[in-house]
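Let me begin by presenting the structure, written as structure tokens, before commenting on it.
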Amino acid sequence: MDAKTKSKRFRTRWRKQDTELTILALPTTVWYILFCFLPMFGIIIAFKNFKISGGFLSNVFNSPWAGFKNFEFLFKSNDAWIIIRNTIGYNIVFIILGIVIPVALALMIGMIHNRRAGKVYQTMMFLPYFLSWVVVSAVGWAFLSFDKGIVNQVLVDMGRDPINWYMEPSYWPYFLIFMNIWKGLGYGMVVYLATITGIDKTYYEAAVIDGASIWQQTRFITLPLMKLVIIMMFILAVGRIFYTDFGLFFQVPRDSNSLFNVTTTIDVLVYKQLKSATVGMASAAAFVQSVLGCLMILFANWVVRRIDPDSAMI
């Protein structure tokens, strides 16, 4: 095949639509190159005894190699078990509740016939998603403050002793789980509700003619057609099982030392290591999170593919 024929075939394959799609994808591609791929150069810091003495590049190249010593603190620390337990334990609960509750609420709102009422409920549930954890922390302080907190004032009015909430670790696992679900509920619900809205209504019309109840329509029509989105959200959530929301675990408990055993996660540890100028150790912890997160995505997708090949992402 000569060059002219190859050029003609290339022109035949490349169409105007391809050019338009390429231009449309260009900003996103540039964004990923600048903010996702180029920063990966910083991985080298995890293997160096990083010294801050000049410019960033000179610091990276002039700092001595440390091998895997920066990784030792994460696994040999006396608190390593507590940190890993908190990170994985909370995320398992977040993943389960973060799928079950939004799906249930999306199903209920999808059944509301009054469209205006449905929009009001969606807005009310979605609003907390836009709040900063700093704002949420201030609201939580207004409720749980020992001296002027609303909860303690109610307890005193009931004749009970006030509770120093920021010194009682036993309550905080429930607080953190509630705050995470409350803040992220609206986003997950909107994703699932959009899926429900896109389902062809003729399925339900045929089911009604056959005498199917609401529960049967949900079980045999809605949930099966939502399966792909639910699995995709599950796989993405599993990929972040070694990550936690820093604002939730640091801002909301107000960095109380009394709550260390129930609020310290890998992300909080990374932040505290950065405060103490051990950049190499913090970078090592973040590197471990990234590698394990990637492996967890591949593992979750492998499990899904073994169970239902059509539902796997790749």
Side-chain angles (χ1 to χ4, degrees), residues 32 35-37 39-40 43 46 71 74-75 80-107 125-126 128-129 133 173-174 176-196 222-250 252 262-271 282-314:
Y32 269 97
F35 299 103
C36 293
F37 291 102
M40 290 181 68
I43 292 175
F71 295 86
L74 186 61
F75 301 101
W81 160 245
I82 295 174
I83 294 167
I84 296 174
R85 179 202 64 187
N86 289 343
T87 303
I88 298 177
Y90 279 118
N91 275 316
I92 290 175
V93 178
F94 293 163
I95 290 171
I96 296 173
L97 296 182
I99 292 177
V100 174
I101 298 178
V103 168
L105 287 177
L107 291 172
M125 294 179 185
F126 200 36
Y129 180 77
W133 281 119
Y174 305 102
L176 295 174
I177 292 172
F178 171 78
M179 297 299 288
N180 178 268
I181 298 301
W182 169 76
K183 194 171 185 297
L185 175 64
Y187 176 81
M189 185 197 66
V190 167
V191 172
Y192 297 122
L193 192 58
T195 306
I196 295 174
T222 309
L223 288 177
L225 293 177
M226 292 176 63
K227 182 176 66 173
L228 287 176
V229 176
I230 294 174
I231 291 176
M232 182 186 68
M233 297 292 284
F234 168 75
I235 293 175
L236 293 176
V238 169
R240 296 191 60 82
I241 197 169
F242 290 98
Y243 289 86
T244 52
D245 195 322
F246 172 77
L248 173 63
F249 288 93
F250 185 82
V252 176
V262 295
T263 61
T264 303
T265 60
I266 295 178
D267 294 272
V268 176
L269 178 66
V270 169
Y271 173 75
S283 180
F287 179 70
V288 170
Q289 284 180 294
S290 301
V291 173
L292 293 179
C294 179
L295 294 176
M296 288 302 299
I297 287 180
L298 296 175
F299 174 73
N301 189 70
W302 176 80
V303 172
V304 171
R305 188 164 60 249
R306 293 294 298 270
I307 298 174
D308 186 3
D310 295 332
S311 301
M313 294 179 63
I314 54 176

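Residues take their numbers from the sequence shown, with the count starting at 1.
- Remark: Tyr243 engages Ser290 in a side-chain hydrogen bond (donor to acceptor under 3.5 Å, both in side chains) (not counting sequence neighbours).
- The stretch residues 224-238 participates, sequence neighbours left out, in these salt bridge (Lys or Arg N to Asp or Glu O under 4.0 Å) pairs: Lys227-Asp308.
- Listed by first then second residue, pairs satisfying side chain to side chain donor-acceptor pair (under 3.5 Å) with a partner in residues 87-107 number zero, not counting sequence neighbours.
- Take Phe250 and apply the ring-ring contact (aromatic ring centres under 6.0 Å, His included) test, not counting sequence neighbours, and it matches Phe246, Tyr271.
- Under the 4.5 Å side-chain criterion, counting only non-hydrogen atoms from C-beta, Val262 is not in contact with Leu176.
- Heavy atoms of other residues, nucleotides or ligands lying less than 6.0 angstrom from OH of Tyr32 number 12 at most.
- Across all non-hydrogen atoms, the minimal contact from Val270 to Ala286 is CG2-N, 4.4 Å.
- Partners of Ala284 under the side-chain contact (heavy atoms from CB on, under 4.5 Å) rule, at least two apart in sequence or in another chain, are Ala46, Asn70, Phe71.
- The CD1 atom of Ile231 sits 10.0 Å away from the CG atom of Asn301 when rounded to the nearest 0.5 Å.
- Minimum heavy-atom separation, Lys183 to Pro128: CG-O, 3.3 Å.
- With values rounded to the nearest 0.5 angstrom, Ile230 atom CD1 is found 8.0 Å from Thr195 atom OG1.
- Using a 4.5 Å heavy-atom cutoff, the side chains of Leu185 and Ile101 are in contact.
- Of all heavy-atom pairs between Ala106 and Leu193, the closest is O-CD1, 3.4 Å.
- Every side-chain contact (heavy atoms from CB on, under 4.5 Å) that Val191 has, sequence neighbours left out, goes to Tyr187, Val229, Met233.
- Scanning both residues, Thr264 and Asn86, for their nearest heavy atoms gives O-ND2, 3.0 Å.
- A 4.5 Å side-chain heavy-atom check between Arg85 and Ile82 finds at least one atom pair inside the cut-off.
- For Phe37, there are no ring-ring contact (aromatic ring centres under 6.0 Å, His included) partners, not counting sequence neighbours.
- Applying the ring-ring contact (aromatic ring centres under 6.0 Å, His included) test to Tyr192 and every residue at least two apart in sequence or in another chain returns nothing.
- Looking at residues two or more places apart in sequence or on another chain, you find a side-chain hydrogen bond (donor to acceptor under 3.5 Å, both in side chains) between Thr244 and Thr265, Asp267.
- Summarising the geometry, atom CD1 belonging to Ile235 is positioned 10.0 Å from atom CG belonging to Leu298; distances are rounded to the nearest 0.5 Å.
- In this structure Thr222 satisfies the side-chain hydrogen bond (donor to acceptor under 3.5 Å, both in side chains) test together with Tyr204, sequence neighbours excluded.
- Taking Asn180 as the reference, Phe94, Leu248 meet the side-chain contact (heavy atoms from CB on, under 4.5 Å) condition, with sequence neighbours excluded.
- With sequence neighbours excluded, the residues forming a side-chain contact (heavy atoms from CB on, under 4.5 Å) with Ile96 are Ile92, Val100, listed by chain and number.
- Across all their heavy atoms, Ile181 and Gly98 have their closest contact at CD1-N, 4.0 Å.
- The shortest non-hydrogen separation linking Met296 to Gly239 is CB-CA, 4.5 Å.
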